[in-house]
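What follows is a set of notes on a single structure, which appears directly below.
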There are 2 protein chains.
Amino acid sequence: MNESKIIDVANRAKVSVATVSRVLNRSELVSEKTKKRVLEAIQEMNYTPNAMAKNLRSRKTMKIGVVVADIEVSYFAEIIKGIENMANSLDYNVIICDAQNKKQKELEYVSLLQNRTVDGMIFVTPEMTNKELIALVEDGYSVGVIGRNIDHEQIPCAFTDNVKIARDVVNHLIGQGHEKIAFLSGYADAIDSYERLEGYMKALRDAGMPFVPDLIDNGDFNEDGGYLSFMRLREKNDDFTAIFTANDEMALGVYKACKQLSIQVPQQLAIVGVDNIRLTKYIVPRLSTVDQPKYTMGALLTEKLIDQMNNNEFKDKRTFKVESKLLIRESSMFDRNPVKSNEASQ
Amino acid sequence: MNESKIIDVANRAKVSVATVSRVLNRSELVSEKTKKRVLEAIQEMNYTPNAMAKNLRSRKTMKIGVVVADIEVSYFAEIIKGIENMANSLDYNVIICDAQNKKQKELEYVSLLQNRTVDGMIFVTPEMTNKELIALVEDGYSVGVIGRNIDHEQIPCAFTDNVKIARDVVNHLIGQGHEKIAFLSGYADAIDSYERLEGYMKALRDAGMPFVPDLIDNGDFNEDGGYLSFMRLREKNDDFTAIFTANDEMALGVYKACKQLSIQVPQQLAIVGVDNIRLTKYIVPRLSTVDQPKYTMGALLTEKLIDQMNNNEFKDKRTFKVESKLLIRESSMFDRNPVKSNEASQ
DNA sequence: TTGAAAGCGCTAACAC
DNA sequence: GTGTTAGCGCTTTCAA
């Protein structure tokens, strides 16, 4: 165990602790000669600064927490990579908090912010409400959000245009000749669900198609929820020929149901999801979906949040609206002579 | 921001800081009446203890770090869940360190141990060598390992019997009538690779089958590596009818190659992987694999490590060898009249 | 350019 | 059962 402390290094180098601290943190204030002596002492003693003491004194931890709904879902994993790489490059460490889809856990993780274990926190979860997040910020904590846009001066946000995503998808399905298109929403109260529903309705309206409430149901953003929701949908109305699910996980549930019910995809039912999770390229038929630049959202938001925490504000933008891209694959492309799509391999 | 500190609470409750500290940490030492007053004060002031100060003074952080090779791979994600749930139940927090398959990053994360950001660290990565890990422990740090067995008194380990895994797989393939079975290894120097190779050879020997070096190649535990390795294998020797890949990711690479080369699975080539990652159930044909109780390994090891860090040693076992289970699915089961396997849905 | 010394907020002897 | 107080190891004024 490394038991040596700054005073030991100071003694060995025949300087004061202040000087050692300076070469560690603000070495430009120390003469070359002294610096060299101190560095040697550090080396010889294999000294490592105690982060706890340093954090306490400097009132910073150089850590940010990231609360995700479920670490296993690749949508989150990729965002985390973006966050982590950017944070590391700015000398911050990242604490990943896996809420395992439990709101209770998310709330517990908030205490890491409150007890100063982390300097700031990024939420990538639909569970925390805008109100709760705003309350945290008003309390003085640094918070960033990925996946939605919260209208608050001090909350950096990275997100995609959900309305546009939904419109793109529905327009694509209409273009394929579908006239009855179902929509499988996430949690009814999640902002994503709401915005995607809005885009769905707008696209229908633009095409002069009727809006049928029976063609809509709420899942809960995961596979089982998608399965159950699809089954409910069929009870209400079973003549739709296409379905748009608010995320890929729910689309997997629809695949499962289709298999059980011997429904051919895409011949009898076209399916399109959102997120472009890894699985979508491996299932058969491959799932059409919407790719969100997840890594980019994570990186941009992190850069902004850290900048804000340090009061630099050199990035004047608070929000980052990134472009999503519809990826048309076999699940929604019924064509006996399929052309090679330029997006087929993405 | 919560600016109140323990002295403020003490003043408000008309007690000393020591008493406040006691109700916070060892409340059995405080009278009911006093405790109630203190708790009220805490509530009223919305006080949260400063973790940095607490950590510094108590020389504990109540955090453990987990270094994984790649957070996106579901094999790691599930282990993390096991670690996290056990740790949380013992009042520890978990810092996940995603090495993104870079050894350099893993080394950087070791500094979190050295600077006391975490009390202990769990390595779930083939990259760190036994030697490096032992050096850390000899230096006085608390370290646990998942995925292999390091023969050192102070390193708790959770792992499966890799030799048995390989034997089970190869025996299954032999049982299916295969006589030329290829083996796609991971990194040549990873302990997993070595042990699985050993099991592969033993199974062949037991069956009186020849060992053909040309039927072996080294991938690197990921999809692309599996693809490339399979291609090399075919150059050397293309008459094998079955292939055992040291993990599922590499099997995915083989699937890709088979698709390109129009090789039918399992009719022309049977494939079996290891890990039972989520994807294996979604690809077509579903991949036969070996399930390791990942969640259990994470949980058991964490319990032991934390116990050891606190010098309780109430768990006398240092190593946890958990049972793996061969899951036979369509990728290795060529049968025109397939029976419903009891494991088919796992 | 360097050193002395005052804390950061908390825990845990030790005293009562 | 409760209070007093000395640090935990570090950074940062302030003075030299």
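Note on naming: letters A, B, ... go to the chains in the order of the sequence lines (proteins, then strands), and numbering restarts at 1 for each one.
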Presence of donor-acceptor pair under 3.5 Å, side chain of A:Arg116 and base of C:dG9: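 By the distance-only test, no, there is no pair.
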Ignoring hydrogens and geometry beyond distance, is the side chain of B:Arg59 in donor-acceptor contact with the base of D:dG9 at under 3.5 Å?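 In this structure, the two groups form no donor-acceptor pair.
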Using a heavy-atom cut-off of under 4.0 Å over every strand shown, decide if [X] touches base, sugar-phosphate, or nothing.
X: B:Val15; result: sugar-phosphate
X: A:Ser31; result: sugar-phosphate
X: A:Asn55; result: nothing

Distance, nearest 0.5 Å, that separates CG of B:Asn55 from CG of A:Asn55: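 One gets 8.5 Å once the value is rounded to the nearest 0.5 Å.
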Shortest side-chain distance from [X], nucleotide among [options]:
X: B:Asn25; options: C:dT2, C:dC10, C:dT11; result: C:dT11
X: A:Thr19; options: D:dG9, C:dT2, D:dG3; result: C:dT2
X: A:Arg57; options: C:dA6, C:dT11, D:dC8; result: C:dA6
X: B:Val17; options: D:dT4, D:dG9, C:dA5; result: D:dT4

Counting only heavy atoms from other residues, nucleotides and ligands, does the tally under 6.0 Å from NZ of B:Lys36 exceed 12?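 No - once you tally the heavy atoms of other residues, nucleotides and ligands closer than 6.0 Å, there are 12 at most.
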Looking at B:Lys102, I'd like to know if its NZ atom is crowded, meaning that more than 12 non-hydrogen atoms belonging to other residues, nucleotides or ligands lie closer than 6.0 Å.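 Check passes, neighbour count above 12.
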Criterion side-chain contact (heavy atoms from CB on, under 4.5 Å) against B:Ile155, the qualifying member of B:Ile134, B:Leu305, B:Leu136: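 The single option meeting the side-chain contact (heavy atoms from CB on, under 4.5 Å) with B:Ile155 is B:Ile134.
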By nearest nucleotide on DNA chain D, pick out whichever of B:Ala53 and A:Arg22 is the more 5' one.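 Nearer the 5' end of the strand: B:Ala53.
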